[in-house]
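What follows is a single structure, written as structure tokens, with notes after it.
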Amino acid sequence: MTTTEFGRTMHRWRDRVSPEVAGLPAGGQRRAPGLRREELALLAGISVDYVTRLEQGRAANPSAQVVEALARALRLSGDERTHLFRLAGLVPPGPDTVPAYITPSVQRMLDRLAGTPVAVYDASWTLLVANPPYAALMGDPSGWRGNERNGVWRNFLGHEGRTRQTPESRRALQAALVADLRATAGRYPGDQRLRRLVADLCAHSERFAELWDSGAVGRHEAARKTIDHPQVGALTLDCDVLTVTGSGLHIMIYTAEPGTEDAERLALAIVLGTQALVG
């Protein structure tokens, strides 16, 4: 099929997703009930110009990563996602590829956690989606591209985040992440993107290469974390990781014990950060 049909299908599906359903403020008068192009671009992590060119048939050959991001943003069913891949001239990801599809049932759960910092990672710890409270707490990840979106890469080669770490806790986290990534590589031996990630990490991080060569296999499970927030100060939170059986999706959730100073600071951080994102 042509890129024009891809764009028309995108536009039709964009029109049926309301901003409220997508977790965005409705704001102002709208000519159509669905998402605006800039809202779809924000949700998918791509530029507004690229969304426009795709819809108008002026951009050809979108990558699998772009199609997957659009499918998530448009909240497509499994059959619709497959159809969008085929309209793009792509083969839908097979069983040897790390799943990046967020099912409608998982999406409904995320919707019910709209006031709680939540991020969803695939089995290789690549960030798929982060809600506004998460961005308010941990920093806005919408500008991250390529390997920057991978939590393992960021822990070995990226900039320091807001999570406070001692040398011992950092080493323990790195070991757990590498063991988890090795288990994922064993489950998805045909995933070329995962192979490139591991090769890049081995080439640029002696620590990663040492851990990878050890052959350890395991699972990363989060616990208590202290976050140094630039506006509200330090807050200690429970960070739980839920893993979706079958897809290996990791759902990371930050919470504070009710009635504590940490809970008050978390609420303030979310308000301040959400206002900044909207503004």
Side-chain angles (χ1 to χ4, degrees), residues 44-45 61-73 76-86 88-107 109-110 118-130 141 144-158 173-205 207-222 240-253:
N61 307 119
S63 69
Q65 288 77 18
V66 166
V67 176
E68 193 73 79
L70 288 169
R72 286 195 300 271
L76 302 186
S77 68
D79 288 342
E80 289 169 339
R81 170 178 171 268
T82 296
H83 183 61
L84 194 65
F85 267 92
R86 288 174 176 159
L90 299 169
V91 177
D96 280 350
T97 302
V98 174
Y101 176 53
I102 298 177
T103 63
S105 61
V106 171
Q107 186 62 62
M109 181 179 68
L110 299 179
V118 179
V120 182
Y121 294 81
D122 69 14
S124 69
W125 290 99
T126 295
L127 181 65
L128 301 179
V129 63
W144 296 351
R145 297 291 181 268
N147 282 344
E148 279 186 314
R149 297 187 68 81
N150 184 268
V152 183
W153 188 91
R154 291 181 67 82
N155 267 280
F156 284 91
L157 298 174
L173 173 61
Q174 289 179 337
L177 285 171
V178 174
D180 192 301
L181 192 66
R182 177 174 283 283
T184 298
R187 290 197 303 272
Y188 304 102
D191 193 302
Q192 296 299 318
R193 182 175 59 85
L194 178 53
R195 288 184 181 180
R196 289 193 297 270
L197 172 67
V198 171
D200 184 64
L201 283 163
C202 284
H204 295 96
S205 171
R207 169 69 173 158
F208 179 89
E210 172 191 337
L211 289 168
W212 187 260
D213 288 343
S214 74
V217 176
R219 187 169 68 177
H220 168 53
E221 296 177 348
D240 292 293
V241 178
L242 311 180
T243 301
V244 180
T245 302
S247 67
L249 292 177
H250 301 302
I251 303 174
M252 184 174 287
I253 307 172

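Side chains included, hydrogens not; waters and symmetry mates left out as well; all remaining heavy atoms used.
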Exercise: identify the closest heavy-atom pair between [X] and [Y]:
| X | Y | result |
| --- | --- | --- |
| Ala88 | Val67 | CB-CG2, 3.8 Å |
| Leu90 | Ser63 | CD1-C, 3.9 Å |
| Cys202 | Ala209 | O-CB, 3.8 Å |
| Asn155 | Gln174 | O-NE2, 3.2 Å |
| Ala130 | Pro141 | CB-CG, 3.9 Å |
| Tyr188 | Pro95 | CD2-O, 3.6 Å |

Could you please spell out the steps behind the side-chain contact (heavy atoms from CB on, under 4.5 Å) verdict for Trp125 and Leu177?
CA-CA 9 Å; Trp125 290 99; Leu177 285 171; 4.3 Å; yes
Looking only at atom types and distance, does a side-chain atom of [X] sit under 3.5 Å from a main-chain N or O of [Y], one as donor and one as acceptor?
| X | Y | value |
| --- | --- | --- |
| Arg145 | Gly45 | yes |
| Arg149 | Leu127 | yes |
| Arg81 | Pro92 | no |
| Tyr101 | Gly78 | yes |
| Glu210 | Arg207 | no |

Determine the interplanar angle of the Phe156 and Phe208 rings, folded into 0 to 90°, and report it as parallel if under 30°, tilted if 30 to 60°, perpendicular if over 60°.
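It falls in the perpendicular class, over 60°.
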State the CD-CG distance between Glu68 and Leu128, to the nearest 0.5 angstrom.
8.0 Å
Rounded to the nearest 0.5 Å, what's the gap from CG on Leu242 to CD1 on Ile253? Could you check?
4.0 Å
Quick check: do [X] and [Y] have side-chain heavy atoms less than 4.5 Å from each other?
| X | Y | value |
| --- | --- | --- |
| Thr184 | Asp191 | no |
| Leu194 | Leu197 | yes |
| Val120 | Val244 | no |
| Ser205 | Trp153 | no |
| Asp180 | His250 | yes |
| Leu110 | Ile251 | yes |

Under 3.5 Å side-chain donor-acceptor pair for Ser124 and Asp122
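Yes, because at least one side-chain N or O of Ser124 sits under 3.5 Å from a partner of the opposite role on Asp122.
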Counting only heavy atoms not in Asp79, do more than 12 fall under 6.0 Å of its CG?
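Check fails, neighbour count at 12 or below.
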Does Leu76 form a side-chain contact (heavy atoms from CB on, under 4.5 Å) with Leu70? I'd like the steps, not just the answer.
CA-CA 9 Å; Leu76 302 186; Leu70 288 169; over 6 Å; no
By the definition side-chain hydrogen bond (donor to acceptor under 3.5 Å, both in side chains), identify the one residue from Asn150, Asn147, Thr97, Thr126 that meets it with Arg193.
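Exactly one option meets the side-chain hydrogen bond (donor to acceptor under 3.5 Å, both in side chains) with Arg193, and it is Thr126.
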